[in-house]
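Structure first, then comments.
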Protein chains: 2
Amino acid sequence: MIGGEEGIARWRSVADGIRALIADAAGAMEKLPVEADLAERFQVNRHTVRRAIAALQAEGLVRAERGRGTFVERLPQRLSYPVGARTRFSENITGQSRQPAGRLITSKREAADARIAAALRIRIGAPLHRLETLSVADGVPMSLATSWFPAERFPGIVAAYAESGSITKALAAEGVADYRRQETRITAMRVNPSDAEHLACPRDAVVLVTDSVNCDPDDAPIQLSRARFLADRIEMVFRT
Amino acid sequence: MIGGEEGIARWRSVADGIRALIADAAGAMEKLPVEADLAERFQVNRHTVRRAIAALQAEGLVRAERGRGTFVERLPQRLSYPVGARTRFSENITGQSRQPAGRLITSKREAADARIAAALRIRIGAPLHRLETLSVADGVPMSLATSWFPAERFPGIVAAYAESGSITKALAAEGVADYRRQETRITAMRVNPSDAEHLACPRDAVVLVTDSVNCDPDDAPIQLSRARFLADRIEMVFRT
DNA sequence: TTATATTTGTGCGTATGTATA
DNA sequence: CTATACATACGCACAAATATA
């Protein structure tokens, strides 16, 4: 292997390159350059380009037609996710005429470690409900979240979420009429294998990871969560 | 190939897995499990684990000692990057006792396309200065940015940046005493090959991509920029 | 309509990289 | 270290479908 990177197949890099071509063109590219040109551009054999195109075709991004060319089928467009004090998944998504839904994957009782206890301002060892949830828009998985709630204050949060599929509604059922986002920390990484299954994405997909704390109207922290958003399906928007 | 993903070598997945083990332990893991255990855990041959560890050792994350074991050398810690109306790279970084610096890579004159013209509220085809800049903290490359400035309003912006290595100072030299961040859009992707060279990172690294608009005190847009931050060196923090 | 060029699809041989035993 | 199996990448040739003159 000459130009590429050790341990990653060449056709995969080429596929990424073609994806970038399509994204950069922002809709102005209906038809891909012919395979021979792509091979020249990426300095690989035409077979390697074909392997890359096969992968893109499998994910529905392009469609190859014999004798005609290869055409862009859909362009990777990201859903905007506004983040602010009143960040709520369902409100964000319905604003873009999509059908949101939340599904409980697992729940567990845990004891607070030092990090969680500090964030939620409870004692170390205090009982917690830990929820793994999947958020979906229009039937497409958008994000996975791990949330921790103080179990003493919210004994029925798991059942309330399982029923409504909405954190906002579950908290309302537990007596929290309103809440606000205090802080959001964002980074990004490759998706981990078990998340990849739930998100129905390739195993080398990139996720935006947000750590956030929600507080009740008295500024008492009520929820700590770490959400993983598929980076190619979402962009976060902050207005300042 | 059994468990892994097509087009990505097994040892690379294992290396990612070990990196995740170290990161999740958050400093609590000084010594890696023995190679045989890792091979069992990731369901690969011990040779494959050794190849993964060799890669991690090459990047300075772990150190293997014959007869003793493999030890965590440094743990991946992210620099916090607060984002708000007054986001400035140099102020953010100096607040964490690091030495920031900016370096001009290239500059170019361009004509505004529809997207840029709309964001900067200038006419399509208006002249622009386009700057590619690298930001460094303590000698470590942190981010690359592509910035567009209206050339008519800021004729000397390129020279001013080249001299000071700071957008804030360059704008001051061009008569903008203060400016504010209007909007920030964040997503993430794999780093592109040419960026990888400047950032001195592996070619499959993940970058946070921020698109932002800066405005002068009269709310006139003065700068459009797209910055790429290495996700494993930075986290963005938003307080609301 | 008939050629001709263009473009994707396919087959085969060879060399190298990856993973296991 | 060897041997084996499979995946990756290349080079060349040609077939099949389409576009164009």
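Below, read A as the first sequence line, B as the second, and so on, with proteins coming before strands; counting in each chain starts at 1.
- Listed nucleotides: C:dA19, C:dT7, D:dC10. Nearest to the side chain of A:Val34: C:dT7.
- When each of A:Val49 and B:His47 is assigned the nucleotide of DNA chain D with its nearest heavy atom, B:His47 is the one assigned upstream, toward the 5' end.
- Between A:Gly67 and A:Trp11, the residue anchored nearer the 5' end of DNA chain D, judged by the nucleotide with its closest heavy atom, is A:Trp11.
- Just one of A:Arg226, A:Arg181, A:Arg185 meets the salt bridge (Lys or Arg N to Asp or Glu O under 4.0 Å) condition when paired with A:Asp211; it is A:Arg226.
- Using cut-offs of 30° and 60° on the angle between ring planes, the pair B:Phe238 and A:Phe238 is parallel.
- One atom, CG of A:Asn45, and another, C1' of D:dG11, lie 6 Å apart when rounded to the nearest Å.
- The interatomic distance linking A:Glu35 (CD) with C:dT10 (C1') rounds to 12 Å, in whole Å.
- Between the B:Thr187 side chain and the A:Ile234 main chain, a donor and an acceptor come within less than 3.5 Å of each other.
- Checking D:dA19, D:dC10, C:dG9 against the side-chain heavy atoms of A:Arg46 singles out C:dG9 as nearest.
- The phosphate of D:dC10 (OP1 or OP2) has a side-chain N or O of A:Thr48 nearer than 4.0 angstrom.
- Distance CZ (A:Arg12) to P (D:dA9): 11 Å, rounded to an integer number of Å.
- Of the candidates D:dT8, D:dA19, D:dA17, D:dA17 carries the atom nearest the A:Arg66 side chain, counting heavy atoms from C-beta on.
- Within the 3.5 Å criterion, the main-chain N or O of A:Leu56 finds no donor-acceptor partner in the side chain of A:Glu59.
- The distance between atom CD1 of B:Ile8 and atom C1' of D:dA7, rounded to the nearest whole Å, is 14 Å.
- The CZ atom of B:Arg50 sits 13 Å away from the P atom of D:dC1 (whole-angstrom rounding).
- At whole-Å resolution of the value, CD in A:Glu40 and P in D:dG11 are 11 Å apart.
- Across the protein-nucleic acid pair, A:Lys31 atom NZ and C:dT6 atom P stand 12 Å apart, rounded to whole Å.
- In this structure, the separation between CD1 on B:Ile18 and CE on B:Met29 is 9.5 Å, given to the nearest 0.5 Å.
- The interatomic distance linking A:Arg51 (CZ) with D:dT8 (P) rounds to 5 Å, in whole Å.
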